[in-house]
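Just so it is clear, the model here is predicted, and its values are computed rather than measured. Order of appearance sets the numbers: ligands from 1, and atoms from 1 within every ligand.
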Amino acid sequence: MSLLSARNIRFARGGRPILDGVDLSVGAGECVGLIGPNGAGKSTLLSVMAGLLKADGAVALDDRPLEQWKRADRARRIGFLEQGATCHWPLTVERVVTLGRLPHASPWGGEAEADRAAIARAMQQCDVTQFAERSVTSLSGGERARVMLARALAGDPAILLADEPAAGLDPYHQLQVMELLAGLAAGGMAVVVVLHDLTLALRHCTRLCLLDEAGKVAADTAPADLLDSGALGRVYGIELLRGGHEGAPFALPWRRLRSEMRA
Ligand SMILES: Nc1ncnc2c1ncn2[C@@H]1O[C@H](COP(=O)(O)OP(=O)(O)OP(=O)(O)O)[C@@H](O)[C@H]1O
């Protein structure tokens with residue numbers, strides 16, 4: 001059963017279709033990679049699924065229309081990491097991660113044991129515990145990106161929508177974040193993650209949804225099947241070098257195709 005589903009989503013800006021009849025659903029245990037060229041509408045779709053942007057079509061959370069949910073209940077179910085999320089105030093890292101508990105805030109105030117445990121766990125998962133007392137504005141871009149992911153996870157969401165959580169991270173932390181998201185999915189979370197790195201996407205996602213530049217779903221299938229279909233090369237307009245290691249497929253962008261060969 002899908003926890004969050006988007007059906008026939010249509011969204012236009014300035015008369016130009018950005019999303020043109022898009023379907024995407026995610027269930028517990030899935031880590032769905034949302035991929036596609038720049039401008040294909042990945043962030044737009046994620047915002048629609050988070051209920052932050054209104055579009056034509058239907059979005060359902062636990063099979064109930066998203067607009068029927070109270071904002072606070074929705075925020076407890078869905079964690080959202082926006083693209084390039086940052087914090088411009090000189091708050092400590094621990095304070096920023098604590099803000100992720102806001103949907104669970106008690107009307108009587110104060111942090112409960114469950115809040116403190118969730119905050120500590122999220123900081124540890126994202127490898128930012130050592131920065132707890134530092135001002136978030138003093139961190140490097142990659143360190144700050146991990147703090148913002150920790151904030152999204154501190155809310156203990158059933159569904160995580162993460163827009164490019166691996167952008168700007170070094171290879172060690174890219175792998176760490178993807179192993180974390182895949183592990184959370186394996187533990188029952190429903191994850192949708194926007195990625196540009198095809199190697200990470202193929203390796204760590206259970207399913208890949210490929211949006212094309214016309215704002216349509218070009219493919220929504222298992223990583224190995226997507227690779228076999230040739231759709232990646234066509235939609236991105238690139239030739240891919242394919243290989244396999246330890247039973248998992250990988251692909252490296254190798255050269256651009258002539259524009260007339262693009263999908
Ligand atoms: N506020 C806006 N006004 C006009 N056009 C916009 C606005 N926001 C987004 N767009 C356009 O909508 C399209 C989809 O944007 P979106 O950010 O969803 O793409 P994306 O697939 O996430 O791209 P990227 O991989 O570059 O992050 C783009 O062509 C973008 O220029």
Is any NZ, NE, NH1 or NH2 atom of the basic residue among [X] and [Y] found under 4.0 Å from an Asp or Glu carboxylate oxygen of the other?
| X | Y | value |
| --- | --- | --- |
| D212 | R234 | no |
| R242 | D228 | yes |
| R77 | D62 | yes |
| D156 | R121 | yes |

Using a 4.0 Å cutoff against the non-hydrogen atoms of [X], which atoms of ligand 1 qualify?
| X | answer |
| --- | --- |
| A40 | 19 (O), 21 (O) |
| P37 | 21 (O) |
| E164 | 27 (O) |
| K42 | 18 (O), 19 (O), 20 (P), 21 (O), 22 (O), 23 (O), 24 (P), 25 (O) |
| S43 | 17 (O), 18 (O), 20 (P), 22 (O) |

| To which protein heavy atom is atom 5 (N) of ligand 1 closest, and what is the distance rounded to 0.1 Å? | R13 CD, 3.2 Å
| task | Write out the residue and atom name of the closest protein heavy atom to atom 11 (C) of ligand 1, then the distance separating them to 0.1 Å. | result |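 Nearest protein contact, heavy atoms only, for atom 11 (C) of ligand 1 is R16 NH2, 3.8 Å.
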| task | Return a yes/no value for I18: is any of its N or O atoms, backbone included, closer than 3.5 angstrom to an N or O of ligand 1? | result |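 Not met; the criterion fails.
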| request: Indicate whether any N or O donor in one side chain lies under 3.5 Å from an N or O acceptor in the other, for T92 and R134. | output: no
| Between Q83 and S43, does any side-chain donor sit less than 3.5 Å from a side-chain acceptor? |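 Per modelled atom types, Q83 and S43 side chains form a pair under 3.5 Å.
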| task | Look at ligand 1 and say whether G36 reaches it with a heavy atom at a distance under 4.0 Å. | result | no
